[in-house]
Structures are given as C-alpha cells and as structure tokens.
There are 2 protein chains.
Amino acid sequence: MPIAPLFRPIDVAPAYQKVADAIEREIVNGRIKPGDPIGTEHDLVRQFGVNRSTIREGIRVLEEGGLIRRDSSRRLHACLPRYSKLASRLSRALVLHEVTFRELYEASMTLEVASIEGAVERATDENLAELDANLLRSEAVVGDPAMLAECDAEFHVLVAKASQNRVLQLAREPAAQLFYPTTEMIVTGVAEGGPRLVAAHRHLIDAIRDRDREAGVLWTRRHLQDWRRGFEKIASLDRSVEHMYMEHAQAARRR
Amino acid sequence: MPIAPLFRPIDVAPAYQKVADAIEREIVNGRIKPGDPIGTEHDLVRQFGVNRSTIREGIRVLEEGGLIRRDSSRRLHACLPRYSKLASRLSRALVLHEVTFRELYEASMTLEVASIEGAVERATDENLAELDANLLRSEAVVGDPAMLAECDAEFHVLVAKASQNRVLQLAREPAAQLFYPTTEMIVTGVAEGGPRLVAAHRHLIDAIRDRDREAGVLWTRRHLQDWRRGFEKIASLDRSVEHMYMEHAQAARRR
DNA sequence: TCTGTCCCTTTGTCCGACAAAGCTAGAGCC
DNA sequence: GGCTCTAGCTTTGTCGGACAAAGGGACAGA
C-alpha cells in the first residue's frame, strides 16, 4: 500500500534559476510589458539580494529564452520572443534528431497548403503588395540560385503572414528554414528550376488575389512537388537533414 | 560605385557567447554526440582560457537552449533538445503574442488532421497498444475533468507519434499545449463532454487500426469541432490566449 | 562482503576589482 | 542662446580568488 504523501518535494532550485523564474513570471503574466526596462544588474542585485554573478547567470537564461534583450546601449528590457529565433532553435533540434527530408516534405505540404488557404481567405492589400514586390525581386535574380532561394524562403514567409494566423506562421517556420539551403542546390542543379519556381509564385499570387482557393492549393502542391522532384535528383528523401545545413541556420539566427 | 570589400566585419561577441557558440558548434556538427560528457567547468576554464564566471554564463545559455544538461550528479553532458521543452518555449511565445483561440483552432485542425493521416498510414502495433492503454485510462477517469484533459492531451501526442513524422510532432505541440487547460474547463462545464471525448478517441483508434483514412479525418474534425462548440459556450474564439494558461505550461516544463 | 568515514572534486555562490563603452552634464565656443 | 566637446559617472564584461555544500571514490573496519 502506498503511503500517504506527507511531504511535497522541496524546491531546491539554484538561486540563478529562481531569479530567472521570478523575472519570467512578471513578464509572462503581464506585469512587465514588452519594451519595459528591467533595470540594471545592480538594481537586480539589490532587489533579489544575491550576488551580481548570480544575477548575470539568471539574465543569460532569460536572454537565451528570448524574453529579455539588450538594446543598442546594452540596457535590459523585456521583449516579445521573435519567431525567427525560436524557429532556429527548432530547426537545430530537428537536425540533431536527424529527421528525414521525407518528414520535412510531408509536414511542409500540410503547413504550406494551410498557409495558402488562410492567405486566399484573408490576405490584405498590403500582403499582396509585399508578395508582388517579392515576385519582382525573384524575377530579377532568377539566374542567381543563392538569391533566388532567399527570395523563395521570403515568399513563403509572406504567404504565411498573409494567412493572418500566427500559430501557423510559427509552426511552418522550422521546416521552412531547413528547406532553404536545399532550394539553392536544386535551382543550381536543375536548369528549368528557377523559371518554374518563379512561375509557381506568380500563380500563387494570382490565386490569392482572385481568392481562388482551388488554384492556391493546386499550385502550392505543384510547387512542393517540383522541389521534391528536384531534390530526388540529388539525394534520397529518406536521407536525414545533414549537419552542414546548420551553418545556414546559424548565420540566419545571428541576423 | 560600391567600393571593394576590403575588410570583413569583426566579430565582437562577448566571451561567454563565444564559449557557448564554440560548444554548440561541436554538438551540432556531431563532434560531440548526445550523451557525451562536456567536462567540468574547470576543464573548460583551461581549454578556453577564460574565467570560470564567463564559462558559467556560457553554460547557462546552452543549458537553456537544451543542448546540454546536467545529470544526477550535476555533471555536464550534451543531449538532444527535448520536444516538450521546446514546445513550452513556443507556447510561451504564443501567449505573449496574444494569439487568439481562432488561430489555435485553425492551426490545430490542420495539424491534427495531418497527424491522424500519418497515423492511419504508418501506426505500428506498439503505437496502437499505447493508444489502447490511453483509452482505458481515459474511460476510468471520465468523471474527472483534470485527469481526462491530461489523457486527452496525451492521446493526441500518441497519435502524432504514430504518424512517425517528428516534424509534425514538434509543429503541433505548441498549439496543443495551449489547448490543454481549456479542455479541462470545457469538460467541467459541459455534461456530455467527457463521454463524447472518449467516444471520439475510440473511433480514432478504430480508424487507425482499420487504416481507414476517411474515418480518421472525419472523427478528428468532429473531435475538434466538439472542442470548439464547448469553448464557445464559455468564451469567444477571438479571445486571446490568457496569461493564466502559462501556469500550466510552466508546470509542464519543469517536469 | 558490507558499511561507515575521510578526502578530493565539483558546483553554486559570494566578494572585490578593473577596463571599456555609454551616458550625462557642465565648460567652452560660435 | 544654442551648439560642441570633454570630463566624470554608470554599467557591463571579465577577472581573480574564496568558501560551503554535495557527490564520488578510496580506504579501513566490522
């Protein structure tokens, strides 16, 4: 028979963790709003009654978590965690877990179709203007695989943004970040890849403008299937995401 | 005319960041494998030639990023970032960005449907056994909203796991974590909610076992629509995720 | 063989210090 | 009066050393 639980486990978190938790609580429950200053390290030393080294360790935790940042003058203030940084963390995790391109492809097919559906339904004129601008840039760099891959990545970010669904936006980002480097390789290796990519984007913008859901879904599928065919010319879908891709993700994160 | 780039920007990151980056690089590119020991703080002091305080700040960054952990004896070793922890970070971000339940619902509809499709296609006998076990537990606690909500959350994690797609698994988790507390509220408020929930789970397991994709999708949709109807009895879908839900997420993260 | 003890290592925390960079305010100049 | 420039104060990043608590390991004794 199990004995009645007389005692609760004691919370023996180290001090720096308690500092981080305390500040996090204040931010998450809204008492400290994004943009509000946190105070200097010395302030925190006085408030928490612990050493500055301890405070600094707590600050590192929060900084890495994206809850606080230092502005140009290195002063601390609360902030909204940024999607791209969070997504980079996730991408890194996916790489370490050695997910396959098949998993990436399947998940992206779902997420990008959902994005376009949302975009078709809710895109604003401003969204469309951004997409048009992106298309123009893409057309200008159709011969430059690296630039084109960058435009492609941005295009899909803009489509997700046009869906007005931030959950979707965040959910699709990690997989998209891992796609990005392969797009460059594919456009480099397949001659007609660049023009096909730009043409697909054009159809997608048209579909959004015409609020034509069918067309949007259809061209998203084709676009991704194009990627897949191109990828299978250089590697198997069952290959796991290589460590080398992290270089891209790391560079992106620092930006 | 742009001048030829004679110099590259100098990297002026603080030392603790460089320490963290250096260790991260070794882990990400595979030279340090998950499970490998990192060495003591003193070792790192010797290797990097910086003060222990600096090393410790770097360690905090990596620890928060989920790349290294301390085992029972507090020794450092590399590890695979855990999905639940990453997802908690994302959930926290979604709360701070004040996403609406409508966004959550729409994204989840997409992600859960994709999960069930994958599960129908690829679930193993072991996956099914886990789902069966979960169903038994759910039936036992159908009168206890808190326990039932927990079972429901676990059920959907198991379905995603059965899809064998880790990208999907990770993508759906943040939204799912935010659903969890509302499920309890709904089951509490709506009398027939518990039995309907369990019935839906039963149909979903049947669909997976029979490899009946149509039924799987249908019952996933119904299951989520049930949630939606229940939710709309207590609040508007356009309400943003409340700060109070973070308490759940925080508790989950510590586990 | 098991157990209890002692010692060494490691971590978490503290104290004090200092150089570099930012910010502030007053001096000096037009 | 308004502007610029400099000196001083503040803050951060880093360093060196210190110590208590906890864990691990070796070693002696039952």
Side-chain angles (χ1 to χ4, degrees), chain A residues 7-27 32 35-79 85 253-254, chain B residues 7-27 32 35-79 85 253-254:
Chain A
F7 300 110
R8 304 286 312 152
I10 307 174
D11 185 14
V12 285
Y16 69 86
Q17 188 67 54
K18 289 186 178 176
V19 168
D21 285 349
I23 298 176
E24 169 177 342
R25 237 190 330 274
E26 295 306 292
I27 294 177
I32 300 178
D36 286 356
I38 304 292
T40 69
E41 295 179 0
H42 191 55
D43 290 339
L44 297 175
V45 165
R46 271 197 302 262
Q47 291 182 52
F48 286 103
V50 297
N51 192 270
R52 190 158 77 98
S53 309
T54 306
I55 293 290
R56 282 176 65 82
E57 290 189 37
I59 287 176
R60 293 298 157 250
V61 172
L62 294 171
E63 235 173 2
E64 178 67 7
L67 282 181
I68 69 179
R69 294 181 65 190
R70 315 196 93 107
D71 59 18
S72 61
S73 70
R74 286 188 290 191
R75 255 193 268 280
L76 292 170
H77 55 83
C79 69
K85 182 173 176 180
R253 179 146 41 85
R254 273 190 241 302
Chain B
F7 301 109
R8 303 288 311 151
I10 306 173
D11 186 11
V12 286
Y16 69 87
Q17 189 66 54
K18 289 185 178 176
V19 167
D21 285 349
I23 299 176
E24 170 176 342
R25 238 188 332 272
E26 295 306 293
I27 294 177
I32 300 178
D36 286 357
I38 303 293
T40 68
E41 295 178 2
H42 190 55
D43 290 339
L44 297 175
V45 166
R46 271 196 304 262
Q47 292 182 52
F48 286 102
V50 297
N51 192 271
R52 191 158 76 97
S53 308
T54 306
I55 294 289
R56 283 175 64 81
E57 290 189 35
I59 287 176
R60 292 297 157 250
V61 171
L62 294 170
E63 235 173 1
E64 179 67 8
L67 282 180
I68 68 179
R69 295 180 62 189
R70 314 195 94 108
D71 60 17
S72 61
S73 70
R74 286 187 291 190
R75 257 191 270 278
L76 291 170
H77 55 84
C79 68
K85 183 173 176 179
R253 180 146 41 87
R254 277 191 237 303

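Note on naming: letters A, B, ... go to the chains in the order of the sequence lines (proteins, then strands), and numbering restarts at 1 for each one. Hydrogens, waters and symmetry mates are skipped; everything else that's a heavy atom, side chains included, is used.
Looking at A:R69, A:K85, A:R70 one by one, the single match for salt bridge (Lys or Arg N to Asp or Glu O under 4.0 Å) with A:E63 turns out to be A:R70.
Across the protein-nucleic acid pair, B:D71 atom CG and C:dT11 atom C1' stand 12 Å apart, rounded to whole Å. Between the CD1 atom of B:I55 and the C1' atom of D:dC15 there is a distance of 13 Å, given to the nearest Å. In this structure, A:H42 places its NE2 atom 13 Å from C1' of C:dG16, rounding to the nearest Å. Taking atom CZ of residue A:R75 and atom C1' of nucleotide C:dT24, one finds them 11 Å apart after rounding to whole Å. Atom C1' of nucleotide C:dT11 and atom CD1 of B:I38 are separated by 16 Å, given to the nearest angstrom. At whole-Å resolution of the value, CZ in A:R46 and P in D:dT11 are 8 Å apart. The distance between atom CD of A:Q17 and atom P of C:dT11, rounded to the nearest whole Å, is 17 Å. Taking atom CG on B:L76 and atom P on C:dT9, their separation rounds to 18 Å, with Å as the unit.
A close approach under 4.0 Å does not occur between any side-chain nitrogen or oxygen of A:N51 and OP1 or OP2 of C:dT13. Listed pair A:R56 / D:dG13 meets the phosphate criterion, a side-chain N or O lying under 4.0 Å from OP1 or OP2. An OP1 or OP2 oxygen of C:dC15 is reached within less than 4.0 angstrom by no side-chain nitrogen or oxygen of A:S53. Of the side-chain N and O atoms in B:T40, none sit less than 4.0 angstrom from OP1 or OP2 of C:dT9.
Which of C:dT13, D:dG24, D:dT14 sits closest to the side chain of B:Y16 comes down to D:dT14. Between D:dT14, C:dC23, D:dG13, one nucleotide has an atom nearer to the side chain of A:E41 than all others, and that is D:dG13.
Residues A:D43 and A:R46 are paired through a salt bridge, judged by an N-O separation under 4.0 Å between the basic side chain and the carboxylate.
Counting non-hydrogen atoms under 4.0 angstrom, A:R70 reaches the backbone sugars and phosphates but no base.
Taking 4.5 Å as the limit, every side-chain heavy atom of A:L44 sits out of range of all side-chain heavy atoms of A:V19.
Contact of A:R52 with D:dT12 (side chain to base): no donor-acceptor pair of N or O atoms is detected under 3.5 Å.
With the nearest nucleotide of DNA chain C identified for both A:V50 and A:R74, A:V50 has the one nearer the 5' end.
Taking CD1 from B:I23 and CD from B:E26, the interatomic distance works out to 9.0 Å, rounded to the nearest 0.5 Å. In this structure, CD1 in A:I55 is found 8.5 Å from CD in A:E41, a value given to the nearest 0.5 Å.
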